[in-house]
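To find a chain, count down the sequence lines: A is the first, B the second, and so on, and within it residues start at 1. Computed over heavy atoms, backbone and side chain alike; hydrogens, waters and symmetry mates excluded.
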Amino acid sequence: MRVSELFGKTQREIPAEADIVSHQLLLRAGMINQVSAGVYSYLPLAWRVLKKIENIIRDEMNKAGGQELTLPVLQPLELWQETGRDKAFGKGLFTLLDRRERNLALGPTHEEVITQLVSHHVQSYRDLPKLLYQIQVKFRDEPRPRGGLIRVREFTMKDLYSFDMDEAGLDKSYQKMLHAYKNIYDRCGLPSMLVEADSGAIGGKESHEFMLLTESGENEIIYCPTGDYAANAERAESVKEKIDGGEPLPLEEVATPGMTSIEDVSGFLGISRSHTLKAVFYIADGEFVFVVIRGDLDVNDIKLQNALHCYELRLATEEEVIETGLVPGFASPVRISGIRIVADDSVPATSNLVSGANKPDTHIKNTNYSRDFVADIVADITLVEAGDSCPKCGNKLESTRGIEAGHVFKLGTFQSEKNGAYYVDENGESHPIVMGCYGIGLGRLMAAAIEQNHDDKGIIWPLPIAPYQVYLCPLYREDTNVSEIVEKLYSELENEGIEVLFDDRKESPGVKFNDADLLGIPIRVTVSPRTLEKDSVEIKLRSEKDSALVPLAEAVTRIKKTIEGASTS
RNA sequence: CGGGGUGUGGCGCAGUUGGUUAGCGCGCAGCGUUUGGGACGCUGAGGCCGGAGGUUCGAGUCCUCUCACCCCGACCA
């Protein structure tokens, strides 16, 4: 492709809209164009990158035994009502009415449709297992699209769904996908980290995410430096410090004027925070919930939401707390009724805690779980932080950030039961099909690749996903034969099947070099009167500082070698 | 949905207490001189100042409403 003919222009200045690097560079490189919040057009350079990523993914899916198919974007809302996931997605689901006033949804994902499809074509254990996938556009009305391509409302995603007879089969499919995913990121040239993930309110039991580590990542990752544990902070667990409160003592009121925070109370009474009981109030699907946790710990909202099995969860306002009859800052789970109580598992494990007294300026000492109050739910709802202890080995956990570039779930039979996908086993008995699902967002992967690979000049594409492999950069001068030689080189490279972006513009060297750097093409080949004096061309890798002069006659083979070397290493 | 911010040629911005033909840089077009890290000169094209309503002799500027986009939070496979 000749740059003079390429659709899309580079921009020197950083668009004011863009905050994160990948967004800025995608815009400056003329790769994407925003149409609406979270909706983009993809120009030829971006499209080529997406196609390369797509082909790598497709290849790995096929190798793992996946069969590609295509599914509708337009889906009847009833299908979503069958599983109740219309509620789980809530406003995130784009819906519309057709001319007959029937409700339709734009697919945010395709479990419902594919499960229904499978129910029509799988009746027997002989039809299983199956791995089916599609690479298609999906729609989600995100509350807040952000970060350019990181979080959008219309996006292309590869989703594979596995259908197995039983858990053992699912385990196998799941392992296959973990392996395939690792290969995908490796082949794209992007280091990834596998972490345990939250599977959401309706998800199955097990779930993992593939993270591309970068500081601009939306997700906090908690991991053990020994490598035996890594999890999204949303679900990370830790070994909680054991606090010995001694034998249960009688309840005792104590005046604590104005001491409304854990900090205040522990300081005032001269005890550590871990000897206090922290009360936090939430509204879960409209219901007021009283949450208690040991004073030195914080509540993880996601874990709490999972424990409550609710769709919507938020902190209660002070007014709501007062309306409920509680005293903010001095609330206690002791002797209250009609309010659901959730306790972190640290609470039953610790004795003689200081809690509120449900009256102003007063706390009670020696609150003991079971004797003084019980919770409706006891669960681990602790927010884990760097410095806590690894659940596997006890070492200090660390924290980093990453972009979620893939998410795999063991769905189990929830979906197949609701959408009626059953099979008959050898004994003629009917069972729901055991499912898994495995997604990768292509645009996000592209953006994450840039977040991981750039410098102050521009993008540095890993060769396997670069829009072009070679940037052929002649520096013309009228009285020389650069033009003739570079045209010949261009067609030779193309004949070898090498993807060349040929900067045939009559621009100054500075402009060309800067554009080459901005676009991030891995191999830059400069031909100029200066190199031709030595009968050579200059080859420079975008990822490296130095360049090398290579004899013109060897240029093509040298470039081929560089490409092969990069793709096998 | 709550909080904050921004809307002025393709991009980045300026525009005073309201005052005449709305500016600058980049980019774009033409001509000429240039060519190893975003060259220079000359000439030129390109604007319902986000939209609607209002105040006023007069509105990019003031008032009201509205829309869009961005950021933080809520939310989110």
Side-chain angles (χ1 to χ4, degrees), chain A residues 8-20 23-24 27-28 30 33-39 85 88-93 107-111 138 140-148 150-153 155 157-159 161 197-204 207-210 218-219 232 234-235 282-283 301-302 305 311-315 317 404-411 415 436-441 444 456-458 473-480 482 505-518 524 526-533 537-538 540 547 549:
Chain A
K9 279 205 176 100
T10 57
Q11 263 176 228
R12 199 173 296 194
E13 282 173 290
I14 300 171
E17 303 287 75
D19 245 31
I20 68 165
H23 192 196
Q24 293 174 349
L27 287 168
R28 286 188 55 210
N33 191 264
Q34 181 165 3
V35 177
S36 168
V39 180
R85 292 213 307 166
F89 270 97
K91 288 188 177 162
L93 198 62
T109 174
H110 287 72
E111 281 88 4
K138 316 228 173 185
R140 291 181 195 177
D141 198 357
E142 294 288 346
R144 185 152 87 87
R146 74 182 87 166
I150 297 297
R151 184 165 226 86
V152 292
R153 298 194 298 168
F155 56 101
M157 181 179 237
K158 185 282 305 176
D159 243 344
Y161 306 97
D198 175 63
S199 52
I202 301 194
S207 171
H208 287 88
E209 288 165 332
F210 283 84
E218 287 189 300
N219 301 278
N232 190 313
E234 289 175 354
R235 74 151 279 152
Y282 286 84
I283 304 291
D301 291 2
I302 305 274
Q305 184 171 3
Y311 293 122
E312 259 193 302
L313 184 72
R314 62 171 173 85
L315 283 169
T317 62
E404 175 191 348
H407 200 156
V408 299
F409 298 81
K410 288 188 179 177
L411 293 177
Q415 197 81 35
C437 77
Y438 316 84
I440 296 185
R444 183 185 283 186
D456 57 347
K457 287 287 193 182
C473 189
L475 302 179
Y476 297 112
R477 191 176 280 159
E478 280 182 8
D479 55 340
T480 64
V482 169
R505 297 172 301 172
K506 303 273 183 288
E507 289 286 353
S508 69
V511 170
K512 291 184 173 186
F513 289 152
N514 278 296
D515 274 347
D517 288 347
L518 175 58
R524 188 183 77 195
T526 307
V527 183
S528 71
R530 192 196 284 183
T531 67
L532 291 181
E533 263 174 35
V537 301
E538 178 200 85
K540 180 186 172 297
S547 59
L549 274 184

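- The shortest heavy-atom contact between A/Val152 and A/Gly38 is CB-O, 3.3 Å.
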Contact pattern, 5' to 3', of nucleotides 68-74 of chain B - B, S or - by protein heavy atom under 4.0 Å: -SSBBBB
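- A/Lys457 has its NZ atom 8 Å from the C1' atom of B/G38, to the nearest Å.
- If A/Pro529 and A/Lys158 are placed on RNA chain B by their nearest nucleotide, the residue sitting closer to the 5' end is A/Pro529.
- Contact annotation: side chain of A/Arg28 to base of B/G38, donor-acceptor pair present below 3.5 Å.
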Pair assignment for RNA chain B - dot-bracket with | for other-strand partners, Watson-Crick or G-U under 3.5 Å: (((((((..((((.....[...)))).((((((.....)))))).....(((((..]....))))))))))))....
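- Residue-level contact check: A/Leu27 touches neither bases nor backbone, having no heavy atom under 4.0 Å from any strand.
- As judged by a 4.0 angstrom heavy-atom cut-off over every strand, A/Pro108 is placed among the base-contacting residues.
- Here the side chain of A/His407 is nearest to one of B/C11, B/G36, B/A77, namely B/A77.
- Of the candidate nucleotides B/G37, B/G12, B/G36, B/G37 has the atom lying nearest to any side-chain atom of A/Lys540.
- A/Leu315 has its CG atom 15 Å from the C1' atom of B/C1, to the nearest Å.
- Of the possible polar contacts, one joining the A/Arg153 side chain to the A/Ala37 backbone as a donor-acceptor pair under 3.5 Å is found.
- Look at CG on A/Asn514: it is 5 Å from C1' on B/G38, rounded to the nearest Å.
- Using P as the reference atom, B/G50 and B/G12 are 14 Å apart when rounded to the nearest Å.
- The CZ-C1' distance, from A/Phe89 to B/C75, rounds to 13 Å in whole Å.
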Chi angles and distances behind the salt bridge (charged side-chain N to carboxylate O under 4.0 Å, His left out) call for A/Asp19, A/Arg146: CA-CA 9 Å; A/Asp19 245 31; A/Arg146 74 182 87 166; over 6 Å; no
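- Not one N or O on the side chain of A/Arg28 forms a donor-acceptor pair closer than 3.5 Å with the backbone of A/Ile14.
- When the C1' atom is compared between B/C69 and B/C28, the two are found 26 Å apart, to the nearest whole Å.
- A distance-only check finds a donor-acceptor pair linking the side chain of A/Ser528 to the backbone of A/Thr531 [under 3.5 Å].
- Residue A/Arg524 is in base contact, counting any heavy-atom pair closer than 4.0 Å across all strands shown.
- Evaluation of atom-type donor-acceptor distances gives no pair under 3.5 Å for the side chain of A/Ser508 against the base of B/G38.
- A cation-pi arrangement, defined by a distance under 6.0 Å to the six-membered ring centre and an angle within 45 degrees of its axis, is absent between A/Arg140 and A/Phe155.
- Annotation: B/G60 and B/G18 have their C1' atoms spaced 10 Å apart (nearest Å).
- Comparing A/Glu13 and A/Ile302 along RNA chain B, the residue whose closest nucleotide (by nearest heavy atom) sits nearer the 5' end is A/Glu13.
- Checked by atom type and distance alone, the side chain of A/Lys506 never pairs as donor or acceptor with a backbone atom of A/Tyr476 at under 3.5 Å.
- A donor-acceptor pair is defined here as one N or O able to donate and one able to accept, closer than 3.5 Å; such a pair exists between the side chain of A/Tyr161 and the backbone of A/His110.
- The closest donor-acceptor contact from the side chain of A/Glu142 to the backbone of A/Arg144 lies at 3.5 Å or more, if one exists at all.
- Rounding to whole angstrom units, CD of residue A/Gln24 and P of B/C11 are separated by 16 Å.
- Atom name C1', nucleotides B/A29 and B/A45: the rounded distance is 7 Å, in whole Å.
- If you check every strand for non-hydrogen atoms under 4.0 Å, A/Thr531 touches a base.
- With P as the reference atom, B/G3 and B/C65 are 14 Å apart, rounded to whole Å.
- Here B/A77 presents its C1' atom at 6 Å from CD of A/Glu404, a figure rounded to the nearest Å.
- Checked by atom type and distance alone, the side chain of A/Lys512 pairs as donor or acceptor with a backbone atom of A/Pro474 at under 3.5 Å.
- Separation of the C1' atoms belonging to B/C1 and B/G58 is 42 Å when rounded to the nearest angstrom.
- The same atom, C1', is picked in B/G30 and in B/G46; the two are 15 Å apart, to the nearest Å.
- Distance noted for atom C1' between B/A14 and B/C40: 26 Å (whole Å).
- With rounding to whole Å, A/Ile440 atom CD1 is found 13 Å from B/A77 atom C1'.
- Although no hydrogens or angles enter the test, the distance criterion places a donor-acceptor pair under 3.5 Å between the side chain of A/Gln24 and the main chain of A/Ala18.
- Straight-line distance from the CD atom of A/Glu142 to the P atom of B/C1: 16 Å, rounded to whole Å.
- Residue A/Asp159 is classed as a base contact, given a heavy-atom separation below 4.0 Å to a base.
- A donor-acceptor contact under 3.5 angstrom links the side chains of A/Glu209 and A/Asn232, judged on distance only.
- Summarising the geometry of A/His407 relative to A/Ser207, their closest heavy-atom pair is NE2-OG, 2.7 Å, with the distance given to 0.1 Å.
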Trace of the ring pair (Phe, Tyr, Trp, His ring centres under 6.0 Å) decision for A/His208 with A/Phe210: CA-CA 7 Å; A/His208 287 88; A/Phe210 283 84; 8.1 Å; no
Per-nucleotide protein contact string for nucleotides 27-32 of chain B (B base, S sugar-phosphate only, - none; heavy atom under 4.0 Å): S-----
